[in-house]
Amino acid sequence: MGVFVNVKSFGSRHAAVSTSVLPAVLGADMNVPLADGTMAPFANFDHAATAPCLEAVADAVNTFLPWYTSTHRGAGTLSAICTAKYEESRITVRQFIGCRPDDHLVFTRNTTDALNMLARIVPEDTTTIVFAHEHHAGLLPWRDVRTLPIQSDVDGVLTALDGALAEIGAKALVVVTGATNVTGELLPLEELVAITHRHGARIAVDAAQLVAHRPIDMTALDVDYLAFSGHKLYAPFGIGVLAGRSDWFVAAEPYLRGGGATVNVGDDPRDVEWSLGVPRHEAGTPNVIGAVALAAACETVRTAWDSLIPYESVLLTRLRTGLAEIPEVNELSLFGLTEDRIGIVSFTVDGVDPGLLATALSVEYGIGLRQGRFCAHPLTRHLLRKSGTPGSETAVRASLGLGVDVAKVDRLVDAIRTISEIGLRMLYVTQDGTWWPTAVSVSSHDAGSVH
Ligand code: PMP
């Protein structure tokens with residue numbers, strides 16, 4: 001039986017979302033051991049790193065596994081079925097992101113792999129433009145790159161991009177995240193696309209975070225390239241996607257050289273005719289299980305947006321409101337605390353090292369979240385300076401998704417409040433940034449770090 005929560009939702013709609021209508025994920029009821037020897041239900045707040053597996057994905061994979069064999073090679077019946085399933089999955093994923101008919105959609109390992117592939121197919125005379133706020137996967141792969149400074153409001157982003165494109169001109173590729181992985185804030189994609197195209201350039205969206213939280217339609221948005229990972233969309237098994245305009249894919253050297261990417265190899269192996277289609281950049285044995293998993297996730301999420309978005313919105317509001325009531329908590333924000341965002345909240349707690357906080361939440365409360373600089377070091381440093389906590393080099397991040405519920409959000413907020421007001425229950429030691437509990441604290445006020 002699901003629990004109903006009242007929703008002042010996405011847009012201005014009000015709704016009541018039952019948890020029973022939400023797609024189920026594996027592991028949502030897992031119990032984990034605590035440092036005091038008891039067990040607690042695990043509360044997973046690390047969806048922005050990797051989301052749990054949808055039950056529908058596990059079912060699709062299990063149903064398919066008996067048929068599993070070679071894909072795009074082999075003449076047997078099962079090979080034909082695997083090949084058909086792989087290509088069917090590609091069609092489902094194309095529909096999920098609204099590909100144009102002549103776009104290529106290449107399966108990759110993850111977003112990092114997809115953006116590195118994009119960096120390899122960008123024509124040599126093209127400059128890539130990125131903001132320093134990007135995740136390292138969007139920041140680092142480019143050969144000829146102009147990095148724009150981090151902006152503190154949306155207008156600044158638009159103006160800076162317009163200025164850079166006015167200098168560089170049409171031979172540019174803009175790469176921008178749809179939502180930052182540190183604060184969850186959304187980038188103004190429609191405006192960024194319009195500015196980019198006004199200058200005759202192209203734009204790629206890193207949708208690693210966006211894809212599990214908002215519908216994306218490449219055609220409607222007129223975005224040229226899109227990259228994302230299956231594992232952040234509830235589909236493990238090591239798959240990602242790069243989709244977009246076919247001409248750069250066709251003109252570029254194959255991303256990997258090997259079987260599957262060729263039409264013919266002569267007696268002299270330098271005499272190679274490479275495929276001009278999608279296989280050009282998919283050398284090696286395809287990840288058919290990953291494709292099946294991703295297609296199942298796309299189908300499930302596509303039919304669940306109406307409940308998923310308002311439900312997450314309730315959880316996010318509850319989490320942020322709860323944290324805002326704790327004076328020691330500083331939420332990090334790029335464009336301001338009222339800007340629209342997906343379910344990601346990064347913060348520090350005055351007087352508590354973020355690494356210690358994350359460890360204590362895990363071993364004392366059974367709560368899993370991430371601490372660090374989130375593979376976005378320039379952005380995290382910038383946000384920490386801006387939030388008035390420059391002494392801290394890292395933060396903690398709680399990220400939401402399926403499997404999180406109101407009770408778990410309340411547990412997280414209560415735990416942070418208890419740690420802020422009363423202290424830790426254990427004594428901890430630290431070495432090289434890692435923390436371990438050593439003993440139960442005699443007085444909570446004495447608890448904390450032992451160096
Ligand atoms: N871009 C963003 C915005 C991300 O959040 C991440 C993952 N944290 C990536 C790219 C890289 O994704 P992956 O590790 O799956 O390659």
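Read the numbers this way: they start at 1 and go in the same order the structure lists the ligands and their atoms. Counting from 1, the numbers follow the sequence of the chain as shown.
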Side chains of [X] and [Y] only: does a donor on one sit below 3.5 Å from an acceptor on the other?
X      : Y      : result
Glu87  : His72  : yes
Trp248 : Asp224 : no
Thr180 : Thr177 : no

Starting at CG of Asp247, measure out to CG of Asp102 and round the result to the nearest 0.5 Å.
9.0 Å
Mind jotting down which protein residues get a heavy-atom contact under 4.0 Å with ligand 1? Chain and number order, please.
Asn110, Thr111, Thr112, His135, Ala137, Thr177, Asn181, Asp206, Ala208, Gln209, Ser229, His231, Lys232
Has the side chain of Arg370 got a donor or acceptor atom that lies under 3.5 Å from a matching backbone atom of Ser399?
no
In plain terms, say whether Asp414 and Arg417 are close enough for a salt bridge, that is, a side-chain N and a carboxylate O under 4.0 Å apart.
yes
